[in-house]
2 protein chains.
Amino acid sequence: MGAKGLTRKKVVEEAIACIESTGHSVVSLHELARRLGIKTPSLYNHIESMKELQYEVFRYAVSSFVKHQNAATAGLEKDAAVRAFADAYYDFASTHKGLYRLIMSMPSAEDERDKEAALPLLNTARAILSQYGLAEESIAHWQRVFRAILHGFISQEDLGYFYYYDSLDLEKSRKIAVQCFLDGLHAELGEKRAEE
Amino acid sequence: MGAKGLTRKKVVEEAIACIESTGHSVVSLHELARRLGIKTPSLYNHIESMKELQYEVFRYAVSSFVKHQNAATAGLEKDAAVRAFADAYYDFASTHKGLYRLIMSMPSAEDERDKEAALPLLNTARAILSQYGLAEESIAHWQRVFRAILHGFISQEDLGYFYYYDSLDLEKSRKIAVQCFLDGLHAELGEKRAEE
DNA sequence: ATTGGAAAACTAACACTGTTAGTTGCATAA
DNA sequence: TTATGCAACTAACAGTGTTAGTTTTCCAAT
């Protein structure tokens, strides 16, 4: 054992804590080492690289997000579940800016391992929408639409693209967005029923 | 005049060309200098800083995007205009990945100048929606929802979060998303009419 | 209890960012 | 032709992440 009893787990935990407190999706190794009371290169006794550390934190972020969403929608059905999911999504992204930004800055398309780690994220939205009795293909489409709205909203708000009419209630905009999704979904369901 | 007749304008243009060709929202000064046939520090004879160069490219990106959107929706009304706007938006983001990413990575909330430069972006969507005869406040809300959907979709696709069911047609998802927005908007219009 | 070996800390250094200071050289205006 | 100024240059700094090589520290086996 080394002088300070540091482990890989503790390093990752400190990185998470750092990201949580700063709100940035990345933590500099310098800052991380400072907080752990060691010099920067010493970190490499516990992690292989920055990329690897990020991957570790990413997994935590995904797991944390999924748990949050599942807890918020447990026992709810259809529209109520959708609304709760949307609220919880917004809540997580606001409260854990750094983790959410990390989730949404992973170039998953390139790294096969990242893609796999991100899979649980998609299933959360799918689970909710599968209650409507749609075909698998439709669920996949609507789950994309749902996530697009949720992320698009948070992303633009975060970027500052919603602050131009700052007299305007953000929460109301969000309610309208979710209602819009539900109306669209209901319209689809109506068509489906009409076909039968 | 210097040896190579370089001007600030030419530097910015090369930066734009570089961003267009790489698809990244930033260009390294090293790469930029290399392409211009000079050494990195020489760039500072023409630009004040990286931030300033980015701002210049950002203004170009905004202007370019706005022109693109206006051209695509000229003469169209209501739903047709909305659909054309959405198609054009997607087209721009796909064709000019670097410029779009730059637009969507400006921390506008912090810099007052960036915010102002971004204003035209918002007016494009607003102009389309103002045709529906909604109240100013409603337009502002629905313009947020519209942009949230459009950006959310592109962003997630770009991140690779749509490639899990890659058998599934992306274009169809996009059509559903736009139709969802229109259905939601129509529902709002219906309510408004019912109130009268 | 002493010693050997492993694990983890350290310092020094490299490559890569953006950036500044100080110097050289070309080109146009006088 | 000369002089002024602009634009190129080299050298260097601070900041990233990272590697090599060295020293320290602790735990385990004798």
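Letters A, B, ... mirror the listed sequences (proteins, then strands); counts begin at 1. Everything numeric here is computed off the predicted structure, so don't read it as measured data.
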**Prompt:** Could you state the CZ-P distance from B:R8 to D:dA7, rounded to the nearest angstrom?
**Reply:** 12 Å
**Complete:** By nearest-heavy-atom nucleotide on DNA chain D, the more 5' of A:Y44 and B:T40 is B:T40
**Message:** Reading DNA chain D from 5' onward, which residue's closest nucleotide shows up sooner: A:E48 or A:E31?
**Reply:** A:E31
**Message:** Checking contacts here: which listed nucleotide (D:dC9, D:dA7, C:dT19) is nearest the side-chain heavy atoms of B:S42?
**Reply:** D:dC9
**Asked** NE2 of A:H30 versus P of D:dG15: gap in Å, rounded?
**Response** 8 Å
**Ring centers of B:F181, B:W142 separated by less than 6.0 Å** = yes
**Asked** What is the distance, rounded to the nearest whole Å, between atom CG of A:L53 and atom C1' of D:dG17?
**Response** 12 Å
**Asked** Counting only side-chain N and O atoms of B:H46, is one of them less than 4.0 Å from OP1 or OP2 of D:dA8?
**Response** yes
**Asked** Once you round it to whole Å, what is the distance between P of C:dA15 and CG of B:L29?
**Response** 20 Å
**Prompt:** Do B:N45 and D:dA8 share a donor-acceptor pair, side chain to base, under 3.5 Å?
**Reply:** yes
**Request:** Spell out, as yes or no, whether a donor-acceptor pair under 3.5 Å connects the side chain of A:Q69 to the backbone of A:F85.
**Result:** yes
**Complete:** Picking from D:dT16, D:dT18, C:dA8, the nucleotide nearest the side-chain atoms of A:S49 would be D:dT18
**Prompt:** Nearest-Å distance, CE (B:M50) to P (C:dT17)?
**Reply:** 11 Å
**Message:** Considering every strand and a 4.0 Å limit on heavy-atom distances, what is the contact class for B:S28: base, sugar-phosphate, or nothing?
**Reply:** sugar-phosphate
**Asked** Could you state the NZ-C1' distance from B:K51 to D:dG15, rounded to the nearest angstrom?
**Response** 19 Å
**Prompt:** Quick one: are the ring centres of B:Y89 and B:Y100 less than 6.0 Å apart?
**Reply:** yes
**Message:** Whole angstroms only, please: what is the CG-P distance between B:L6 and C:dG25?
**Reply:** 20 Å
**Asked** Between A:K10 and A:E13, does at least one N-O distance fall below 4.0 Å, as a salt bridge requires?
**Response** no
**Whole angstrom value for the distance that separates C1' of D:dT19 from CG of A:L43** = 14 Å
**Prompt:** Choosing from C:dA21, D:dA8, C:dT11, which nucleotide comes nearest the side chain of A:P41?
**Reply:** C:dT11
**Item:** Whether A:F153 and A:Y90 hold their rings parallel, tilted or perpendicular, with breakpoints at 30° and 60°
**Value:** perpendicular
